[in-house]
Enquirer: 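Provided herewith is a single structure, encoded as structure tokens, for subsequent inquiry.
All of these numbers come straight from a predicted model, not from anything done at the bench. Each residue takes its place number in the sequence, starting with 1.
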Amino acid sequence: MKNSMLFTFCILLLSAAASAQNQFGNSLQLSFSGDRLTPHTITRNYDFVPFGNDISPKQTAALGGQITYTHRLGERFSFGVGLLGGIDSDYFLLQINEEFAPDFLNEDFFGNFFEFSYVYGGLNLTAGYDLFQFKKSAITLNTGVSALFFLPTGLMTSVTLGGLNNGFTVFANDLTANGSGKSHYLSVWELSYRHRLGERFFIGLGTNIKFTVAGGNYVEGTYKIVGQNETLTGSLTKRWISSGVNLHVGFVFAKKQN
């Protein structure tokens, strides 16, 4: 029964797409994005002990926007060029055992810090193909390359326990974004749905994946965890690998003639 219903749905979808005509001409599109990135990569200069004294990078978030001009090529193909910008973040969890920490700490310490830290801008080039076209909407597969330039930024974070006069810094890191001053290139893949609102406007929603293809790490740095009698050190790096969603609003310059 389920297979029959799925088969019927597919037939109806393909029939509607085959009979529909392209309703999207050249357009200008504004997009808002939210991406979930893989954690920083950590290299420890000490033996890793589960539930021991350590820092644990977590998945981070990036928020951005983009304005894109899209030009139609025939009924189904298009290409676009856009300007983009946004901000990326750091997210770490820190754990320090009581016996490792200063004498005044009488219990295990757990902390976390999350901060939007890294501003970027860039250029995006895309090519698109309408997989399905309906009377007022389309499902499109887009692929392209984004060239990102991160604003060179130094970030230092520390955790100090104790009073103002006798505080003890148990953790500190020193990270740098784009210390080399070069661009980073991402491969971008997006599946999006757009719907016409009247003759000129449309809205859309897309899901995407992005990953670094050139430029390497855009964040590099070191950290230390300081105990009463020992200091643990390591390094952190980050390259862009993400999944996310996009919200689109757009203006069509002229209705596509069929």
Enquirer: Under a 3.5 Å cutoff, is there a donor and acceptor pairing between the side chains of T140 and D130?
Expert: yes

Enquirer: Would a 4.5 Å heavy-atom cut-off, applied to side chains only, mark H40 and T60 as touching?
Expert: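 In contact.
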
Enquirer: Is there side-chain contact between K210 and S187, with heavy atoms separated by less than 4.5 Å?
Expert: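 Side-chain contact under 4.5 Å: no.
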
Enquirer: Taking the side chain as every heavy atom from C-beta outward, state whether I55 and I42 have any pair of such atoms under 4.5 Å apart.
Expert: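 They are in side-chain contact.
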
Enquirer: Classify the ring geometry of F132 against F134: parallel below 30°, tilted from 30° to 60°, perpendicular beyond 60°.
Expert: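 Parallel, since the angle between the ring planes stays under 30°.
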
Enquirer: So Y120 and F150, would you call those rings parallel, tilted or perpendicular, with 30° and 60° as cut-offs?
Expert: tilted

Enquirer: Would you call E190 and N246 a side-chain contact if the rule is heavy atoms closer than 4.5 Å?
Expert: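 Side chain of E190 against side chain of N246, heavy atoms only: contact under 4.5 Å found.
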
Enquirer: Apply side chain to side chain contact (heavy atoms under 4.5 Å, CB included) to S180 and list each qualifying residue two or more places apart in sequence or on a separate chain.
Expert: N178, K182

Enquirer: Answer yes or no: is there a side-chain heavy-atom contact under 4.5 Å between L236 and Y223?
Expert: yes

Enquirer: Would you compute the distance between atom CH2 of W240 and atom OG1 of T212 and round it to the nearest 0.5 angstrom?
Expert: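 Here the rounded value is 8.5 Å.
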
Enquirer: Please check this pair: side chain of R36 against backbone of S242, looking for a donor-acceptor N/O pair closer than 3.5 Å.
Expert: no

Enquirer: For D174 and T222, test the side chains for any donor-to-acceptor distance below 3.5 angstrom and give the result as yes or no.
Expert: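 Per modelled atom types, D174 and T222 side chains form no pair under 3.5 Å.
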
Enquirer: Is any side-chain heavy atom of L186 closer than 4.5 Å to one of L148?
Expert: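 Side-chain contact under 4.5 Å: yes.
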
Enquirer: Strictly distance-based, threshold 3.5 Å: is any side-chain N or O of N26 a donor or acceptor partner for the main-chain N or O of F253?
Expert: no

Enquirer: Could you check F109 against L94 for side chain to side chain contact (heavy atoms under 4.5 Å, CB included), going step by step and ending with a plain yes or no?
Expert: CA-CA 8 Å; F109 172 81; L94 174 66; 3.9 Å; yes

Enquirer: How are the rings of H71 and Y69 set to each other: parallel, tilted or perpendicular (split at 30° and 60°)?
Expert: tilted

Enquirer: Would you mind telling me which of D90, N217, D88 makes a side-chain hydrogen bond (donor to acceptor under 3.5 Å, both in side chains) with K238?
Expert: D88

Enquirer: How many angstroms lie between atom CG of L83 and atom CG of L123, to the nearest 0.5 angstrom?
Expert: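 Output value for this atom pair is 6.5 Å.
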
Enquirer: Do F113 and F171 have ring centres separated by under 6.0 Å?
Expert: yes

Enquirer: Rounded to the nearest 0.5 Å, what separation is found between the CZ atom of R44 and the CD1 atom of I225?
Expert: 8.5 Å

Enquirer: Nearest 0.5 Å please: distance from the CD1 atom of I87 over to the OG1 atom of T153.
Expert: 9.0 Å

Enquirer: Do L232 and N53 come close enough that some side-chain heavy atom pair is under 4.5 Å?
Expert: yes

Enquirer: Carefully, step by step, assess T70 and V81 under the rule side chain to side chain contact (heavy atoms under 4.5 Å, CB included).
Expert: CA-CA 7 Å; T70 300; V81 57; over 6 Å; no

Enquirer: Nearest 0.5 angstrom please: L191 CG to L141 CG, how far?
Expert: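 Interatomic distance, L191 CG to L141 CG, rounded to 0.5 Å: 6.5 Å.
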
Enquirer: For T233 and N45, test the side chains for any donor-to-acceptor distance below 3.5 angstrom and give the result as yes or no.
Expert: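 Yes, because at least one side-chain N or O of T233 sits under 3.5 Å from a partner of the opposite role on N45.
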
Enquirer: Tell me yes or no: between the side chains of Q66 and T68, is some donor less than 3.5 Å from an acceptor?
Expert: yes

Enquirer: Give the minimum heavy-atom separation between G181 and F149, together with the two atoms involved.
Expert: O-CE1, 3.6 Å

Enquirer: Do we see a donor-acceptor contact under 3.5 Å between the side chains of N142 and Y129?
Expert: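 Result is no, nothing qualifies.
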
Enquirer: Less than 3.5 Å apart, any donor N or O on the side chain of D108 or Q95 sitting next to an acceptor on the other?
Expert: no

Enquirer: Taking the side chain as everything from C-beta on, heavy atoms only, tell me whether Y118 gets closer than 4.5 Å to S89.
Expert: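 Side-chain contact under 4.5 Å: no.
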
